[in-house]
A.B. asks: 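Here it is, the structure, as structure tokens.
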Amino acid sequence: MSTWILNGQTLNKETGKLETKHVRLDNGVIAEWVDAATLSEPDTAGCEIIDASGKLIAPGLIDMHVHLREPGFEYKETIASGTQSAAKGGFTTIAPMPNTRPVMDTPETIRYVLDKATTEGSVRVLPYAAISKNELGRELTDFAALKEAGAIGFTDDGVGVQSAQMMKDAMTLAHSLDMPIIAHCEDDTLVEGAFVTEGAFSRKHGLKGIPNESEAIHVGRDILLSEATGVHYHVCHVSTEQSVRLLRLGKSVGINVTSEVCPHHLILSDEDIPDSMDANWKMNPPLRTPRDVEACIQALEEGTIDIIVTDHAPHSEEEKARGIERAPFGIVGFETAFPLLYTKFVRTGRWTLEFLLRRMTSDPARVFGLPYGTLEEGAPADIVLIDLEHEREVNPNTFLTKGRNTPFTGWKLYGWPAATIVGGKVVWSQEQGINR
Ligand code: DOR
Ligand code: ZN
Ligand code: ZN
């Protein structure tokens with residue numbers, strides 16, 4: 001059956017202007033676009049109809065860094081709840097990290113996640129596999145078998161790979177299989193015991209700080225190792241000015257390096273952390289200084305940082321209630337990412353809508369070689385309808401993720417998704433909720 005999405009607003013990439021169009025989906029792909037000005041009502045006999053008047057029709061968002069927690073931490077999130085949360089946030093493709101229990105370090109765990117995503121998931125799920133067994137940094141996993149099982153890249157996210165030799169071996173092996181290495185950059189020896197950045201907040205409260213070098217040392221090391229091995233090296237959640245400088249240098253000499261940044265590192269600094277030390281402000285990397293925030297924004301603008309990801313990291317309320325020192329690192333991201341960025345950067349006039357969408361759709365598709373992130377005829381019909389004009393408050397009680405851990409409670413935002421379509425099927429809508 002065909003579906004017509006009628007009277008939606010689409011972005012003309014050349015002019016940057018919104019135009020009213022109808023789009024027909026057929027067999028899971030975008031079949032045809034028609035200009036509402038030239039054809040007021042297409043022949044919709046026998047078709048499903050979605051009224052998109054007043055809504056933006058955008059490519060489904062792509063999030064290449066998320067935590068779904070299954071297997072092992074189902075009390076934090078499941079593949080079902082996490083993909084539903086993603087759908088509500090406008091995401092149609094997500095890439096979960098392997099720091100589950102057991103760690104996704106065997107073909108069996110990769111297949112388990114893929115099977116669960118097929119039977120219980122709402123969006124496309126492209127899993128990463130671990131670099132090292134149990135993410136302990138001691139022994140490499142079986143990259144060839146993990147690729148064969150469906151892993152799209154290798155990462156020990158959650159921890160840094162401490163040994164340079166192990167990282168070099170991993171890169172050499174990944175390169176031979178034409179697979180990327182994705183790195184959480186953190187030198188443990190510089191971090192021990194710290195949970196906020198070295199900055200105004202740590203000084204004020206007499207806390208040991210996480211220094212910027214703990215991230216940038218790995219970024220620099222790994223860019224050199226990427227040059228030596230030729231691997232596609234992708235840096236996770238860039239948060240410091242120093243990392244940005246190194247990425248700029250690496251790119252300028254043609255090294256195969258890409259990177260990502262999270263909404264919270266573009267919007268919040270350590271100076272925003274409340275004195276109550278609410279653990280919903282604790283994540284890794286930590287919120288950095290205002291200077292780092294501005295460096296990350298500029299790096300994204302100039303293309304030194306390629307894409308935006310959420311690092312959606314749900315934890316239970318009980319875990320986050322332990323106090324900032326003992327609570328786990330991480331905040332949820334799916335259901336606030338687009339409205340936050342749209343409100344803070346597009347409505348303020350700093351970015352165009354086209355730029356924000358690109359960094360969340362076609363750029364992640366380009367970086368990871370995916371066939372999504374475009375609305376061209378013939379492309380998979382992965383679409384989000386977005387209500388750009390409606391203001392609403394962030395209310396964690398309405399989240400579909402099991403996590404309530406967000407620092408953005410009560411923020412008034414625009415740009416809320418209204419419906420999400422994966423492969424031509426409406427998987428979530430504001431009116432109907434999740435459709436399985
Ligand atoms: O904040 C974070 N949460 N950073 C990480 O590196 C891991 C993640 C998690 O798994 O909770
Ligand atoms: Zn990480
Ligand atoms: Zn992560």
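Counting convention: from 1, in listed order, for ligands and their atoms alike. Worth knowing before you read on, the calculation uses all heavy atoms, side chains too, and leaves out hydrogens, waters and symmetry mates.
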A.B. asks: Please determine if R111 and E148 form a salt bridge, counting it only when a charged side-chain N lies under 4.0 Å from a carboxylate O.
C.D. replies: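 Between E148 and R111 there is no salt bridge, as every charged N stays at least 4.0 Å from the carboxylate O atoms.
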
A.B. asks: Decide, yes or no, whether a salt bridge links D382 with R124 under the criterion of side-chain N to carboxylate O below 4.0 Å.
C.D. replies: yes

A.B. asks: Which residues and atoms, counting only protein N, O or S, are under 2.8 Å from the Zn ion (ligand 3)?
C.D. replies: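 Checking every protein N, O and S atom gives H65 NE2, H67 NE2, D157 OD2, D311 OD1.
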
A.B. asks: Which pairs of nitrogen or oxygen atoms, taken one from ligand 1 and one from the protein, are under 3.5 angstrom apart?
C.D. replies:
{"residue": "ligand 1", "atom": "1 (O)", "partner": "N284", "partner atom": "N", "Å": "2.9"}
{"residue": "ligand 1", "atom": "1 (O)", "partner": "N284", "partner atom": "O", "Å": "3.4"}
{"residue": "ligand 1", "atom": "1 (O)", "partner": "G330", "partner atom": "N", "Å": "3.3"}
{"residue": "ligand 1", "atom": "3 (N)", "partner": "F329", "partner atom": "O", "Å": "3.2"}
{"residue": "ligand 1", "atom": "4 (N)", "partner": "N284", "partner atom": "O", "Å": "2.7"}
{"residue": "ligand 1", "atom": "6 (O)", "partner": "H184", "partner atom": "ND1", "Å": "3.1"}
{"residue": "ligand 1", "atom": "10 (O)", "partner": "H67", "partner atom": "ND1", "Å": "3.4"}
{"residue": "ligand 1", "atom": "10 (O)", "partner": "R69", "partner atom": "NH1", "Å": "2.9"}
{"residue": "ligand 1", "atom": "10 (O)", "partner": "N99", "partner atom": "ND2", "Å": "2.9"}
{"residue": "ligand 1", "atom": "11 (O)", "partner": "R69", "partner atom": "NH2", "Å": "2.7"}
{"residue": "ligand 1", "atom": "11 (O)", "partner": "H315", "partner atom": "NE2", "Å": "3.0"}
{"residue": "ligand 1", "atom": "11 (O)", "partner": "F329", "partner atom": "O", "Å": "3.2"}

A.B. asks: Would you say that more than 12 heavy atoms from the other residues, nucleotides or ligands in this model lie under 6.0 Å from the CD of E317, or not?
C.D. replies: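 No, not enclosed.
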
A.B. asks: Centres of the F154 and F143 rings: under 6.0 Å?
C.D. replies: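 Ring-ring flag for F154/F143: true, centres closer than 6.0 Å.
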
A.B. asks: Should K76 and E319 count as an ion pair when the cut-off is N to O under 4.0 Å?
C.D. replies: yes

A.B. asks: Only counting residues at least two apart or in another chain, list the ones meeting side-chain contact (heavy atoms from CB on, under 4.5 Å) with T78.
C.D. replies: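 side-chain contact (heavy atoms from CB on, under 4.5 Å) list for T78, sorted by chain: E70, E74, A80, S81, K402.
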
A.B. asks: Does the pair K251/D306 count as a salt bridge with the N-to-O cut at 4.0 Å?
C.D. replies: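 Between D306 and K251 there is a salt bridge, with a charged N closer than 4.0 Å to a carboxylate O.
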
A.B. asks: What residues form a salt bridge (charged side-chain N to carboxylate O under 4.0 Å, His left out) with K204, not counting sequence neighbours?
C.D. replies: D275

A.B. asks: Between E302 and R248, does any side-chain N to carboxylate O distance fall below 4.0 Å?
C.D. replies: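 A salt bridge is present here (some side-chain N lies under 4.0 Å from a carboxylate O).
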
